[in-house]
Structures are given as structure tokens and as C-alpha cells.
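What follows is a set of notes on a single structure, which appears directly below.
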Amino acid sequence: MQVAKSVTMNVSKKINRDKFLSLRNFFNTYQTIARIYYSHILENSLDEMIVSGEITSKDLKNLLHKKLYRQIRESFDIGSQTVQEIRDVVVEAINSYAQLVRKGRKASLPRVEEFTVRLNYPRVVSVFEHGKEFDFFFKVKVNKGKRIAVPVECGKIQKQLLKDALNGKYKIGAFQLVRRDEWFYFIISIKKEVEIRQEYDGIVGVDLGLRYNAVITLLHKNGKITEVEFLKCRKLMHKIRMLWHRIDELKSMLPEGQRTSKRIQRMWKRIRRINNWIAHNISKRIVEIAKENNAMIAIENLKKLYPVKGKNSRKNNRRISNWVRGKVVKYTIYKARWEGIRVKLVSPKNTSKTCHLCGSQGLRTSANFFCEHCLHTYNADFNASVNIGIRATLPDTKGCVNHPLGLMTYKAP
């Protein structure tokens, strides 16, 4: 199977002013053409036709090409390959909306502030290494057919990935040009062929929770546990709580009818960045343990867990809404696939209330679990992580009789 990884590189702040203006003009032209295509689709009710199935996405592309291609080429001095990429991006946005409607889901037409700027490699953008001041230069074909060399900067991991791709180890896909906070970034898709391994020496059970961000347990085929890790980003979680309190204070000072401000939005962005960092680092550690021990990964599927007004306290609802469980699962899956490691999602039902040693139902009080049958006490999250590993390999089995004696009363530090 083919897997892809995205690499983000920022345009260097040392870019020549004329080059930056050329890049910005190209970006704005791209958006203008995309809006022309989008407006034509809405004015002629082509979106309704694709929803009803009268035309396919391929038919829509042909209709737009016949009607607007020559007009756009005469009005804008931009390459034919780029014009076709713009058309495809707009059609994909409409097609995604149509698929949701056909499935019976509530969907509204995409309100796109900025369309994705997709650049064909190597016809529109090419890469070469500089090796001195900048890591790479991206040569981009902009308006009037001229090419500009854009200096880019990136981290060590991203640099190595792109170098390997240029040397033929991986395949380079399409480039995207993105604008964030009035600056430009390139997102590159790097692909490789991977065969998911079928035989493993063990399984990594992962319990995601609010007390600990993740509890990772390595369970071998004979039932022995050799690694247990409790991951909690205490300082970062405290920083998020302080930001929540500050957001509440600022909201209380807003004029009547106003729901947010630029300052509040900046704080929410900061919270999202912290959550992304936490999710990336937890998923990285999970995959590292699995790779080192030739183990598959079992992780609980928590899609149906949402904050419920009236059922939980306001504090707990906020903690659940900020819980990065979805991102941890998403990042773990794509990082594991890149390494050829299988990931299995299992039901979390009663994983922390079932004894992983004898399989009996026990009592959970706060962070601890007590088994009334075998009279052992465990950390509840550790107990859940072992049960998740057992459930992924043997769904009908309860308990782990080969559990080592030294871990029978394992408690979190």
C-alpha cells in the first residue's frame, strides 16, 4: 500500500522583496480564478446536478473547461497546468459536499475563504538544494510564465525527508502553497510503498485518558509485560488551564452581543498549537516502542465520547472537549503506517473495570482498580491498557494468566 506524509516548510524571512510580491500576486490570482469557477458552478446550478447524479465530477470538469478555460487564459497570464489544477481543486470541494448530501448528512455548500493552492511537481514547482545559507530553493512558475527561486527553511527531520525523496528513496507528490498570518508556507506530500507486517512479537496497548494523556503497555505473546509508560504533559496542561481562565475573563469583559475578539482567537490558536505538540509527541513515542519491539498497536476507539451539557460538570466538559484523543489516534495511525506497523482500534467498554489478570469485574475508585476475585489492586489506566492489548489480539479472552508477579500490584508513580 502507498502511504503519504506531509512536510511543511516556511518561506524564508530573508526572501527578496520582489520575489515575495510575485509569490503573493500569484497566490491572489489563483484565488480569483478559483472564485470564477466556483461562481459559475453556483450560478448554473451545477452543484445540484452533481448532487442528484445527473453529472459526474469528470463531466463537471469538462463543462468548466469548455466554458471558461479559454476566457481565463486570455484574461490571466498564468500557465495552463495551473489553470487545470485550480479547476480540479474547486470540483473536488463541490464533490465532497455532494457525497455528504448523498449519504443523508447535513451539509452546506463550502464557504471557502481561500482555496487550496496546489502546484504540480515538477512542471510548476521544482526543488534544488542550495547548501549554504538556505536549506532548499523552490523554483515556482508564477504569473507571465516566469520562474522565481523561493528560499525555504525547515527542521532537521523535514530536511532529511525531502533529501531522501530527491535521492529517489521516496516519491514526491503535489505541493501546496498556504498563507497563514500573512506569511507563506509550502506543504509537500511525500509518498512511499509500504507493506504492513502481519507477524509480531507483541502488542502495544494504549489507554488514552484525562488523568494521564496516555498509558502505554508492551504485552508479549506469553502474557509478560516488559514496558509500562505513563505519559502526562503536566506543565503544558497547566498552561492550557491558565489560558482557559484568561479567555473566560476576557469574555466577561466583552460588549453585549460580541462573542469573541482577536486576542481571544490568538489564545485559542495557542491552545491548538500546544494540543498538536502533545498529540505528535505521544503518537511518536507509541510508534517508537512498537518499532523497537516488533509489536502491533492497539488503541481504544473513543469517537462516541463527547461533552454532554447537564450530565457532566462544566469543568469536565471543557476537559473532554480539549482532550486530544482524536489527534493522537490520527497521528498514531499515519506514523505507524509509514513504518509498516498495524494499528487496531478496539472498543473501550469496561477496559478499566475488568481485571487484566483473572478477567473478573472489579471496583474502580478514582485512579485505582480493585479486583474482588483475586484481591489485587492496580492503577486503573494501566489495567485498561493491558485489557486493550488483550482485546485486540483475542477479543473473547478475559484476563492474562501469565502476568509476572512483580506487576500484579503495579501503581502509577
Side-chain angles (χ1 to χ4, degrees), residues 196-234 236-237 277-302 324-325 327-329 331-346 348 351-352 354-359 364 367-369 371 374 376-395 397-413:
I196 302 296
R197 295 195 297 275
Q198 300 300 319
E199 294 185 3
Y200 299 94
D201 297 329
I203 184 163
V204 175
V206 183
D207 176 69
L208 305 175
L210 294 171
R211 188 180 300 274
Y212 294 96
N213 296 104
V215 178
I216 307 170
T217 306
L218 177 61
L219 181 67
H220 291 272
K221 285 182 179 178
N222 60 3
K224 290 187 177 180
I225 296 168
T226 56
E227 282 196 48
V228 180
E229 287 193 22
F230 290 80
L231 303 182
K232 184 168 184 178
C233 306
R234 294 178 189 274
L236 291 176
M237 297 307 292
W277 190 93
I278 291 170
H280 271 297
N281 280 270
I282 289 171
S283 59
K284 180 184 175 184
R285 184 60 190 145
I286 293 168
V287 175
E288 278 176 355
I289 292 173
K291 187 179 177 183
E292 288 167 5
N293 297 279
N294 186 31
M296 66 177 282
I297 298 169
I299 195 164
E300 53 189 344
N301 187 0
L302 296 166
V324 291
R325 61 193 185 280
K327 286 184 178 178
V328 172
V329 173
Y331 296 164
T332 301
I333 288 171
Y334 98 76
K335 288 175 184 177
R337 281 180 180 170
W338 185 264
E339 299 294 344
I341 299 169
R342 185 184 172 201
V343 178
K344 187 169 183 179
L345 299 178
V346 300
T351 50
S352 62
T354 304
C355 178
H356 67 269
L357 182 61
C358 65
R364 176 174 178 172
N368 295 319
F369 167 81
C371 179
C374 60
H376 286 114
T377 303
Y378 314 97
N379 175 273
D381 295 328
F382 160 74
N383 182 58
S385 66
V386 180
N387 280 323
I388 288 164
I390 295 170
R391 191 170 288 183
T393 47
L394 299 166
T397 302
K398 291 182 179 180
C400 180
V401 293
N402 294 320
H403 192 286
L405 187 65
L407 291 176
M408 282 188 179
T409 56
Y410 197 95
K411 292 185 180 181

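A side-chain contact (heavy atoms from CB on, under 4.5 Å) with I282 holds for exactly one of I216, V328, V287; it is V328.
Taking the side chain as every heavy atom from C-beta outward, F369 and F382 never approach each other to under 4.5 Å. Put simply, the side chain of F230 reaches to within 4.5 Å of the side chain of N379, judged on heavy atoms.
With sequence neighbours excluded, the residues that form a side-chain hydrogen bond (donor to acceptor under 3.5 Å, both in side chains) with K335 are H280, S283. Applying the side chain to side chain contact (heavy atoms under 4.5 Å, CB included) criterion to N281, with sequence neighbours excluded, gives W277. Contacts of L345 classified as side chain to side chain contact (heavy atoms under 4.5 Å, CB included), with partners at least two apart in sequence or in another chain: I299, N301, V329. E227 meets the side-chain hydrogen bond (donor to acceptor under 3.5 Å, both in side chains) test with no other residue; sequence neighbours excluded. Contacts of K291 classified as side-chain hydrogen bond (donor to acceptor under 3.5 Å, both in side chains), with partners at least two apart in sequence or in another chain: E339.
The line from CD1 of I278 to CG of L236 is 5.0 Å long, rounded to the nearest 0.5 Å. Interatomic distance, CG of L208 versus CD1 of I388, reported as 7.5 Å (0.5 Å rounding). Considering CD1 of I286 and OG1 of T332, their distance stands at 4.0 Å, rounded to 0.5 Å. The structure places CG of L219 at 11.5 Å from CG of N293, a figure rounded to the nearest 0.5 Å. We find the CG-OG1 distance between N387 and T217 to be 10.0 Å, quoted to the nearest 0.5 Å.
Residues N213 and K232 approach most closely at OD1-CA, 3.3 Å, considering heavy atoms. The minimum heavy-atom distance linking R391 with P348 is given by the pair NH1-C, 4.0 Å. Closest approach of A336 and V343 over heavy atoms only: CB-CG2, 3.4 Å. Taking all atoms of both residues into account, the shortest heavy-atom contact from A384 to D207 is CB-OD1, 3.5 Å.
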What pairs of donor and acceptor atoms, side-chain ones from residues 198-206 against any protein atom, are under 3.5 angstrom apart with sequence neighbours left out?
residue : atom : partner : partner atom : Å
Q198    : NE2  : I196    : O            : 3.2
Y200    : OH   : R197    : O            : 2.4
Y200    : OH   : R342    : N            : 3.0
D201    : OD2  : N294    : ND2          : 3.2

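Using cut-offs of 30° and 60° on the angle between ring planes, the pair Y331 and Y334 is perpendicular.
Judged by distance alone, the side chain of K344 and the main-chain N or O of A392 form a donor-acceptor pair under 3.5 Å.
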